[in-house]
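Single-structure report; data block below.
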Amino acid sequence: AAVLPEMGGFGLKTLTGTPGKRRSQHTYFSILYFDIDTGALAAVIPASHMTGIRTGAASGVATKYLAREDAKTLGLIGAGFQGKHQVSAMREVRHIERVLIFDVSREPAEALAHALSTEGLEARVVDTAEEAVRGCDVVCSATTAKDPPILGDWLEPGTHVNACGANAPTKREIDDEGFRRSKVIVDFREQVLEEAGDLRHAIEAGAIVPDDIHAELGDVVAGKMAGRDTATDITLFKSVGVAIEDIAVASWVYEQARAKGMGIDLSFQS
């Protein structure tokens, strides 16, 4: 749950279903959005598409403030639902020319590469995760992996990494060495320390300590903390997703829908 008084609302997002067993055309993410002044339910919003956009957008903001200005090559690990949103966000903030895609299932990777190629990008599928990391200016990982597909030894000086898939203690996308070598920025320190399996593993293994987390992304955006100091820094945005992102997007969608006369009015009997 989250509250945004300045946007006039508060609410919560629910997530149900088992990953890998969810059916198309069904709703598994939903947002209940409430009016801040009266507490009345204002909207019920299916949130799968919105979740994809807000997760990608967070990586986009991180890339804007942390990646090198001349970044042109993107390595994407995970070509599922979130992958396309990661690519879209990267293109909003950097002049991406080439995308290297790896997925344990080649079919979705090929489909995404084809779609990106039709948009004028040089996009191709690679055979290993290492190929999607080495030589890339920006690396995005959006997987459900339990064993880290990204090894710190592969990260070259100057790389920026967005790791948004390991949002549970059992998941890992970056190995311990990756955290040790990187300047780590998180979306919400308390939640990341609780939920991010790869960060937790690195701490438990002694590769880093909690105080090694450099900053929350909001502090970098607000200018309270520095982001990248040199062109050779390896920066890592470790995100698990926070509710305030969902409610901010829900507020915008609600206002747009009201202004355009979209949506279905629901009457609830008490």
Side-chain angles (χ1 to χ4, degrees), residues 1-2 54-68 71 75 77-78 82 86 89-90 93-94 133 136-246 248:
R54 69 84 153 145
T55 305
S59 294
V61 173
T63 301
K64 176 181 179 179
Y65 285 90
L66 299 172
R68 300 192 327 268
I77 299 177
Q82 180 53 221
Q86 293 289 314
M90 298 308 103
V93 296
R94 290 294 184 270
V133 175
C136 287
D137 304 315
V138 178
V139 175
C140 292
S141 182
T143 75
T144 58
K146 290 181 171 55
D147 296 312
I150 298 177
L151 303 186
D153 288 340
W154 302 342
L155 299 174
E156 299 182 7
T159 303
H160 171 64
V161 181
N162 298 302
C164 66
N167 58 356
T170 57
K171 298 179 182 179
R172 293 178 67 197
E173 290 192 305
I174 314 290
D175 73 347
D176 300 340
E177 181 67 5
F179 281 97
R180 191 192 66 78
R181 296 187 62 204
S182 300
K183 176 179 284 188
V184 180
I185 289 85
V186 300
D187 51 2
F188 182 22
R189 185 185 302 263
E190 181 180 345
Q191 191 170 325
V192 167
L193 287 169
E194 180 71 22
E195 295 181 3
D198 44 14
L199 177 63
R200 287 166 57 103
H201 191 282
I203 292 172
E204 290 166 3
I208 61 171
V209 297
D211 285 346
D212 287 327
I213 296 175
H214 175 68
E216 290 185 350
L217 180 59
D219 288 331
V220 176
V221 173
K224 297 178 180 179
M225 295 290 290
R228 172 177 295 276
D229 291 321
T230 72
T232 58
D233 284 344
I234 298 172
T235 53
L236 168 59
F237 176 52
K238 176 66 238 180
S239 66
V240 293
V242 291
I244 200 166
E245 298 166 353
D246 297 298

Name the one of V192, D176, L236, I174 that satisfies side-chain contact (heavy atoms from CB on, under 4.5 Å) with L199?
V192

On a heavy-atom basis, which atom in R68 and which in A231 lie closest, and how many Å separate them?
CD-O, 3.4 Å

How far apart are the C-alpha atoms of L66 and H160, what are their side-chain angles, what is the distance that settles it, and do they pass the side-chain contact (heavy atoms from CB on, under 4.5 Å) test?
CA-CA 7 Å; L66 299 172; H160 171 64; 3.6 Å; yes

Using atom types as modelled and distance alone, determine if a side-chain donor or acceptor of R228 lies under 3.5 Å from a backbone N or O of G158.
yes

Does E156 offer a backbone N or O that forms a donor-acceptor pair with the side chain of T159 under 3.5 Å?
yes

Looking at every non-hydrogen atom in both residues, tell me the closest pair between V240 and A196 and how far apart they are.
CG1-CB, 3.9 Å

Nearest 0.5 Å, what's the CZ-CD distance between F188 and E194?
11.0 Å

Heavy-atom donor-acceptor pair, D137 side chain to A67 backbone, under 3.5 Å
no

Stepwise, does the side-chain contact (heavy atoms from CB on, under 4.5 Å) test hold for I185 with M225?
CA-CA 10 Å; I185 289 85; M225 295 290 290; over 6 Å; no

Over all atoms of both residues, closest heavy-atom pair of A71 and V138:
CB-CG2, 3.9 Å

Indicate the atoms forming the closest heavy-atom contact of L151 with P148, along with that distance.
CD2-O, 4.2 Å

In sequence, state the C-alpha distance, the side-chain angles, and the governing distance for Y65 and V221, and then conclude on side-chain contact (heavy atoms from CB on, under 4.5 Å).
CA-CA 7 Å; Y65 285 90; V221 173; 3.7 Å; yes

Under the 3.5 angstrom rule, does the side chain of R94 hit a backbone N or O of T63 as a donor-acceptor pair?
yes

So, for S182 and G178, which heavy atoms are closest and what is the spacing to 0.1 Å?
OG-O, 2.6 Å

All heavy atoms of A57 vs all of A89, minimum pair found to be N-CB, 4.3 Å

Measure from the side-chain N and O atoms of E173 to the backbone N and O of G165, and report whether any donor-acceptor pair falls under 3.5 Å.
yes

Between L193 and V186, is there a side-chain heavy-atom distance shorter than 4.5 Å?
no

Counting only heavy atoms not in D229, do more than 12 sit closer than 6.0 Å to its CG atom?
yes

Check whether any side-chain heavy atom of Q86 lies under 4.5 Å from a side-chain heavy atom of T55, and answer yes or no.
yes

So, does S239 use its side chain to make a donor-acceptor pair with the main chain of G241 at under 3.5 Å?
no

Of K238, K171, R172, the residue whose pairing with D198 passes side chain to side chain donor-acceptor pair (under 3.5 Å)
K238

Does the side chain of V139 come within less than 4.5 Å of N162's, by heavy atoms?
no

Verify side-chain contact (heavy atoms from CB on, under 4.5 Å) between D187 and F237, making sure each step is shown before the conclusion.
CA-CA 8 Å; D187 51 2; F237 176 52; 4.0 Å; yes

Measure the spacing between CD1 of I213 and NZ of K183 and express it to the nearest 0.5 Å.
14.0 Å

Between the main-chain N or O of A215 and the side-chain N or O of D219, is there a donor-acceptor pair closer than 3.5 Å?
no

Donor-acceptor pair, side chain of D175 and main chain of G152, under 3.5 angstrom
yes

Kindly say whether R189 contributes a backbone atom to a donor-acceptor pair with the side chain of E216 at under 3.5 angstrom?
yes

Within the side chain of H201, is there an N or O that forms a donor-acceptor pair under 3.5 Å with the backbone of T170?
no

